[in-house]
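Accompanying notes for the structure given below.
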Amino acid sequence: MKTISELKAAFLSGSYTPVQAVEESLAVIANQNGTINAFLAVYEDAKDAAAEATKKYADGGELPPLLGIPFAIKNNILIKGKRATASSKMLENYTATYDATIITRLRDAGAIFIGSTNMDEFAMGGSTENSAFGVTKNPLDITRVPGGSSGGSAAAVAMGAVPVAIGTDTGGSIRQPASYCGLVGYKPTYGAVSRYGLIAMGSSLDQAGPMTNSVADAELVYTIMAGVDVHDATTIRPDTYPAVLPKETYTFGVPRDFMKSGVDADVLDTFEAHLRDLEAAGHTVVDIELPLFEKGLAAYYIVMPAEVSSNLARFDGIRYGYSAEGKNLLEVYEQSRAQGFGAEVKRRILLGTHVLSSGYYDAYYGKAELARKKMREELDEVFKTVDIILTPTAPTPAFKIGEQEDPLSMYSQDIFTVPVNLTGVPALTIPAGYVEREGVSLPVGVQYIAPLGGDARLFHIGKKIYDERL
Ligand code: GLN
């Protein structure tokens, strides 16, 4: 059973129980995790929760919407009493002392947490190769990466261990792995979902969201996680943005210039075929220009490391996390950070510290923030004429483990996803077809981008285009 709705229907009819579902999840993990390495930890107490949920179904009455559904959770999201490592040696032995707001909400809705998933260290990366706990493999082709940074979450769903996993997305980390693993992935409007209890990467960019096998499932999970949170002052109210309503037919804008370089020819063909499908379904597709979006990567790789460098300053070997010996306080700081962080994290801290340093702040950080503001204006203009913007989610299908040695070529995978985080708008990726590499069919995703607060519109079109054809 691949979707939450199928599972729920089976639970309600009594043909299947949460106890069986959790046993099956644990069996899949026991069989496959040795190869895939999607899970860093498996929670045995899921069995108790399953027994309780099974009893509730038997008792009947009013039942919460996710009762008995097994979830996998990216390991940068705090669950009280469980390790929250962010796949870093720095937090290898850190146990969360409280629940993230989204965890509280999902648990209240009946969700069962099966285990924590592997990721790029502190969510920095696009392949899950940057984890301190080994690379995760793509279940569709184990010589390839599952994408990242939420690669463990994507692999957990793609290997059939769970119908849903939660990821976080700072520059594409839900959408790109979803695309590489043939899943639906959702990055909400910034502020729609609380960040309280998430290990921060770039606070003005981070959002948690679902990775699922259907758009309806993503919508259900999003709806439960979303909403104002007193613990996160950046959460938005439902009336923060003007209503963006679903429509019968949509006008889609395609920034063709933006897609000229670096996209694999067959990925582009799959994308174009998807556009023809939309037209055949009565929608309109028009060309648009988004010249500033092309600068998105440059702006992202200044804003994000700046925020990373300040968010990760707290890991000093004193307060919590990995602590190295030193002759004096400075040496404890230096050694703890030198030994606790991996290479990619250090690279970004250095970059971020540099762009924020006096004398460079205006030239880099100030400019990038200005570019970000202009990108929002550019987007507002475009959304006056189109309802939704479409791009491929990533320029290539899943690449080989070890293939992207140069960090800059890895960063270029984020070209279509980072402008979404910089501007705060919501985006949905759905599988749109396959391309072949070395005799293996690999999935390709299409990214749907809506105006701020346009989450409902994305679910509406996504269900029509994807779910109804499942
Ligand atoms: N791949 C991007 C990066 O390395 C996105 C990461 C993310 O969304 N957490 O920064």
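Remember, predicted model here, so these are calculated numbers, not experimental data. Counting starts at 1 for both ligands and their atoms, following the listed order.
At a heavy-atom distance under 4.0 Å, only side-chain atoms of Met201, from C-beta outward, approach ligand 1. With a 4.0 Å cut-off on non-hydrogen atoms, Tyr301 touches ligand 1 through its side chain and not its backbone. At a 4.0 Å heavy-atom cut-off, ligand 1 touches Ser149 through the side chain alone.
No cation-pi contact links Lys82 to Phe113, judged by a cut-off of 6.0 Å to the six-membered ring centre and 45° from its axis. Figure legend: Lys89 and Tyr322 shown as a cation-pi pair, the cationic atom lying under 6.0 angstrom from the six-membered ring centre and within 45 degrees of its axis.
Ligand 1 lies less than 4.0 angstrom from a heavy atom belonging to Tyr300. The shortest heavy-atom distance from Arg348 to ligand 1 is under 4.0 Å.
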What verdict does the side-chain hydrogen bond (donor to acceptor under 3.5 Å, both in side chains) test give for Asn213 and Thr3, after you've listed the backbone C-alpha separation in whole Å, the side-chain angles of each residue and the deciding distance to 0.1 Å? CA-CA 6 Å; Asn213 284 306; Thr3 64; over 6 Å; no
One pair to check against side-chain hydrogen bond (donor to acceptor under 3.5 Å, both in side chains): Glu307 and Ser204. What are the steps and the verdict? CA-CA 8 Å; Glu307 295 187 14; Ser204 76; 2.6 Å; yes
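Tyr411 has its ring centre no less than 6.0 Å from the ring centre of Tyr300. Ring centers of Tyr466 and Tyr448: at least 6.0 Å apart, outside the cut-off.
Below 3.5 Å of separation, one finds no N or O of Met304 facing any N or O of ligand 1. Residue Ser173 has at least one N or O atom closer than 3.5 Å to an N or O atom of ligand 1. Between Gly148 and ligand 1, not a single N/O pair is under 3.5 Å apart. The distance criterion of under 3.5 Å between nitrogen or oxygen atoms is not met by Met124 with respect to ligand 1.
The shortest contact between atom 2 (C) of ligand 1 and any protein heavy atom is with Asp414 OD2, 3.1 Å.
Checked for salt-bridge contact, Lys373 and Glu369 miss the test: no charged N lies under 4.0 Å from a carboxylate O.
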